[in-house]
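Quick notes on the structure that follows.
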Amino acid sequence: MAHDTLIAPSLLSADFTQLHQEMQAVEKAGADWLHVDVMDGHFVPNLTIGPPVIKKMRGATSLPLDVHLMIETPEASIAQYVEAGADLLTVHIEACADAEAVLMQIKDAGVKAGIALNPATPAKEILSVLHLVDLVLVMTVNPGFGGQSFISEALPKLSAIKALCAEKSFKPRFEVDGGINGTTIVDARVAGADTFVAGTAVFGQNDYAQAIRGLRAAMEI
Ligand code: DX5
Ligand code: ZN
């Protein structure tokens with residue numbers, strides 16, 4: 001079933017020794033997208049997975065792969081992530097020397113392009129590329145680790161960016177990532193988010209279907 005609001009479980013909190021089963025379990029549990037956190041140990045102080053693993057993941061699910069690149073000089077490896085099967089590639093504005101060129105590179109390769117910004121990064125940093133993006137990712141934690149507390153101060157920025165997009169008739173999705181649970185998802189939705197990454201709030205629960213249903217239900221209140 002297609003939803004207006006999307007839940008994207010973050011595999012960072014999955015059991016990596018059981019990745020195939022975990023992916024199948026969240027797909028069956030009603031996830032809309034799979035959020036894949038790529039960390040390079042430089043842009044963030046943590047290291048995860050790269051194109052070879054994503055390529056295997058592509059063959060193990062029919063869900064869109066929402067690939068969040070927390071890496072420096074993303075332009076050097078965009079082609080590999082596209083070839084691996086990413087459906088959407090999001091790069092950080094803080095990591096791009098020329099964000100417009102990187103986003104064009106992603107789009108020219110035929111996949112959707114997203115721009116992410118850290119909690120401390122002001123909205124003005126991404127204004128010049130809003131016309132290019134399919135998704136704006138407003139980080140609600142400092143990237144690098146799952147299980148951190150939600151930074152609500154990032155939400156007014158999301159609302160402001162969304163208002164600017166509406167003025168110009170740009171229609172990207174608005175994703176939030178970090179500290180999303182049954183309470184914070186409501187605030188994020190009210191601020192204008194429509195796509196919700198959830199690591200701990202899904203994979204930290206015993207029943208993934210119940211966890212995803214709970215997040216959706218919270219937004220309907
Ligand atoms: C953090 C990652 C997130 C993380 C979210 O750098 O980008 O996707 O997995 O985890 P939770 O939902 O546990 O905050
Ligand atoms: Zn992420």
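Counting starts at 1 for both ligands and their atoms, following the listed order.
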Judging by distance only, is a nitrogen or oxygen of [X] under 3.5 angstrom from one on ligand 1?
X	answer
G144	yes
G147	yes
G179	yes
G199	yes

Any F150 heavy atom less than 4.0 Å from ligand 1: no
At a non-hydrogen distance cut-off of under 4.0 Å, which region of P143 contacts ligand 1 (side chain, backbone, both, or neither)? both
Side chain, backbone, both or neither: which applies to A201 and ligand 1 if a contact is any heavy-atom pair less than 4.0 Å apart? neither
If we only count heavy atoms from C-beta on, is the H68 to E175 side-chain gap below 4.5 Å? no
Considering only heavy atoms from C-beta outward, does the side chain of F145 approach that of P45 to under 4.5 Å? yes
Considering only heavy atoms, which of L11, D177, T90, T200 lies nearest to atom 3 (C) of ligand 1? D177
Between T48 (side chain) and M39 (backbone), is there a donor-acceptor pair under 3.5 Å? yes
Any donor-acceptor pair under 3.5 Å from E22 side chain to L11 backbone: no
I need the nearest protein heavy-atom contact for atom 10 (O) of ligand 1: residue, atom name and distance, please. G146 CA, 3.5 Å
Please report which non-hydrogen protein atom sits nearest to atom 2 (C) of ligand 1, along with the residue it belongs to and the distance in Å to one decimal place. D37 OD1, 3.4 Å
Residue and atom, protein N/O/S, under 2.8 Å of the Zn ion (ligand 2): H35 NE2, D37 OD1, H68 ND1, D177 OD2
For ligand 1, which atoms sit closer than 4.0 Å to a heavy atom of V197? 8 (O)
